[in-house]
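Reviewing the structure listed below.
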Amino acid sequence: MHIVVLYRPDQLVSAYGRFTGEILRSEGFAGYEMREWRPGDPLSLEDAAATILTPCILQYPEVDALRDYVEQGGNLIAFQPMAHMHKAFGTNPLNKVLLDGYVKPVGTYRVGRMIGGESIQFHGSASKVVLGPDYEPVAWLHTETDEPSPHAAVATAKIGQGTFTFFAYDLPATVAAIRQGDPRLAYQSTAGFASDHLQRPNDLFSGHLDTAKGHIPQADVHCNLLTHVINKVTAEPQPRLWYFERPEMTSVVVMTSDDDWSTLEHYNALLAAVEEVGGHIHVFMVRDSRQPPERVRAWIKRGHSFSPHTNPRIQEMDPYWHMTESIRVHKAEAEANYGMPSRVYRSHCVHWQGYVESARILADAGYQMDSSIISLLDNWGLYTNGSGRPMRFVDENGDIIDLFEQSVNFYDDGSVMKVLTEEPETEIARATLAVREAASKYFVPFGFLSHPVSFFTYSSRFVKGVLKNAHEMGLPVLNMDEFLEFTLARDAARIESRSAGEDSLSFTVTLGRSGTGVTAMAPVPSGKQVSSVRLNGAPAEWTTRKVHGWDYVLVGLPAGEVGTAAEIRLRYAAAPESQ
């Protein structure tokens, strides 16, 4: 049995319904099913371990059918259900909403403990309801001043043989808004950059990100909250894919650089520092770089990667009028010069058009990952877009744009030169704490950017210190092309053929991309421990890890050809009683 997502593509209220699939992929649920549920369609959910209902306008008989599904043993998770559905499931809607407030997971719950009892932002509206006596709150709504309210953000109840859980807010719309900013700020300069007629992604987050919450990857925590609910309500453990390639990996440093006309001396210093910790770096190259193609090709042989850093200021006109063509021309030239495909992108000055217009331009040009969201200015060291994880863009109509965004946590450039020069040890400690939390609390990548010229002239102490500490924690330092390759492999893998018994679980992971392995994971049922793991019939190595409060078993799967299937069989035994 697997997770089924119901959505109505023709209803505006369900616009972000399809983005639920991207959230599930990000969380490693690689066997979910998206189902269009149009008015009049029969409701057939016998194969669903849990059903997620995205915001929909339902007819009364459809609400009755969902109630019957739950009473007969189904597990229904509803995003911002409407008033008549609340009434059918035993809550009292007040027909009032809270706008752009906060969600605070209950402290005794796993996700609540993970973020230390703090709250996280939501965007849009959240319905205010009074819980019935059978409901258990999972998270509470807090007001815009972060004061507690008497209304649940997430709550669950046992109804008949099944369960009903509601999110008072539109979860996928909130995740998109946290990650992508406020669409009302598109084409506006808001973040305080020098007046240069350029817009940047950061302009979309002014007044949108509560910087007091910026140390938390808020969008990722919303996704974790959904995973928590799925684990809580499903009788069968739902296998997933781990966030990284190998079981022992708890984070990675995604290392990037911007060429910015740096000299060979600058490059040699930075590359040596990255290679000293066994790492690789991705450099975004300006079109008129000082580095000749043959030298870049030699660096590629050492494991580094390169792609365009298109300059929006190359013509005496607003970049809106030339960047689409400039991006395409520069990409073709770079691929010819360097002999490798250009798949990841960041423009010079991190220029950005519109809300997601640049994302669509890049996807149409053949790019697969962008890294334009950086913790600039007042957001220094924060999760500007509330996320450490790669995820595709989505537009306001709910159309998925086939381009991943991977943000940058810390960087060096002129805006932070003073602090990196005068207080490098303080900033090393600050960045190291972010790395440690990424690896031990959130299990997200750490985005790091160093310009060769900046490294050589003032930031080497900071960059070396952070890389050294990350290396000592066991974090690999990957170039962005390497990280993209894993992201695509994980995204393409599928989990199928689940079968669960009282003391066993089996499932198959099928690779959708060759060359990179993935790691499978499955929850360990309460009161149980893993007694054996077999991979394709043979004993396999495995490890256990507590992830966001849940015990999981992790099994690494080697790279293989497309279509390679790995059958995993787990056996559980009763865990010894704690003393």
Return yes if some donor-acceptor pair links the side-chain N/O of [X] with the main-chain N/O of [Y] below 3.5 Å, else return no.
{"X": "Asp260", "Y": "Ser262", "answer": "no"}
{"X": "Gln406", "Y": "Gly388", "answer": "yes"}
{"X": "Asp203", "Y": "Arg200", "answer": "yes"}
{"X": "Arg490", "Y": "Arg25", "answer": "yes"}
{"X": "Tyr32", "Y": "Gly21", "answer": "yes"}

In terms of the angle between their ring planes, are [X] and [Y] parallel, tilted or perpendicular, with boundaries placed at 30° and 60°?
{"X": "Trp261", "Y": "His348", "value": "perpendicular"}
{"X": "His266", "Y": "Phe456", "value": "tilted"}
{"X": "Phe486", "Y": "Phe483", "value": "tilted"}
{"X": "Tyr442", "Y": "Tyr383", "value": "perpendicular"}

(request) Return each pair, listed once, that meets side chain to side chain donor-acceptor pair (under 3.5 Å) where at least one residue sits in residues 168-177; pairs must be two or more places apart or across chains. (result) Tyr169-His222
(message) Could you check whether His142 and Tyr102 have their ring centres less than 6.0 Å apart?
(response) no
(request) Please check if the distance between the ring centroids of Trp352 and Phe393 is under 6.0 Å. (result) yes
Can you list every salt bridge (charged side-chain N to carboxylate O under 4.0 Å, His left out) pair that touches [range], not counting sequence neighbours?
{"range": "residues 362-379", "value": "none"}
{"range": "residues 341-352", "value": "Asp258-Arg346, Arg343-Asp481, Arg343-Glu485"}
{"range": "residues 453-467", "value": "Glu425-Arg461"}
{"range": "residues 13-22", "value": "Arg18-Asp399, Glu22-Arg392"}

(request) Begin from the C-alpha positions of Ser125 and Gln80 and carry the test side-chain hydrogen bond (donor to acceptor under 3.5 Å, both in side chains) through to its verdict. (result) CA-CA 9 Å; Ser125 65; Gln80 201 169 23; 3.0 Å; yes
Atom [atom1] in [X], atom [atom2] in [Y]: separation rounded to 0.5 Å?
{"X": "Phe122", "Y": "Asp100", "atom1": "CZ", "atom2": "CG", "result": "6.5 Å"}
{"X": "Thr421", "Y": "Phe462", "atom1": "OG1", "atom2": "CZ", "result": "11.5 Å"}
{"X": "Asp210", "Y": "Ile120", "atom1": "CG", "atom2": "CD1", "result": "12.0 Å"}

(request) Output all residues satisfying ring-ring contact (aromatic ring centres under 6.0 Å, His included) with Tyr243, sequence neighbours left out; order by chain, then residue number. (result) none
(message) Under the rule for ring-ring contact (aromatic ring centres under 6.0 Å, His included), what residues qualify as partners of Tyr267, not counting sequence neighbours?
(response) Trp299
(request) Report the residue from Glu482, His304, Arg302 that forms a side-chain hydrogen bond (donor to acceptor under 3.5 Å, both in side chains) with His280. (result) Glu482
(message) Checking Ser459 against Ser454 for the side-chain hydrogen bond (donor to acceptor under 3.5 Å, both in side chains) test, could you report, in this order, the C-alpha distance in whole Å, the side-chain angles of both residues, the deciding distance, and whether it holds?
(response) CA-CA 6 Å; Ser459 69; Ser454 302; 5.4 Å; no
(message) For Val103 versus Ala139, what's the shortest heavy-atom pair and its separation?
(response) CG1-CB, 3.8 Å
(request) Report the residues that fulfil side chain to side chain contact (heavy atoms under 4.5 Å, CB included) with Pro319, sequence neighbours left out, ordered by chain and then residue number. (result) Leu198, Pro312, His322, Met323, His351
With sequence neighbours excluded, what pairs up with [X] under the salt bridge (charged side-chain N to carboxylate O under 4.0 Å, His left out) test?
{"X": "Glu294", "answer": "none"}
{"X": "Lys213", "answer": "Asp146"}
{"X": "Arg494", "answer": "none"}
{"X": "Arg436", "answer": "none"}

(message) Show, in sequence, the C-alpha distance, side-chain angles and deciding distance for Asp220 and Ser387, and conclude whether the side-chain hydrogen bond (donor to acceptor under 3.5 Å, both in side chains) test is met.
(response) CA-CA 6 Å; Asp220 300 336; Ser387 181; 2.8 Å; yes
(request) Show your reasoning for whether salt bridge (Lys or Arg N to Asp or Glu O under 4.0 Å) applies to Arg179 and Glu405. (result) CA-CA 9 Å; Arg179 288 184 58 92; Glu405 176 62 33; over 6 Å; no
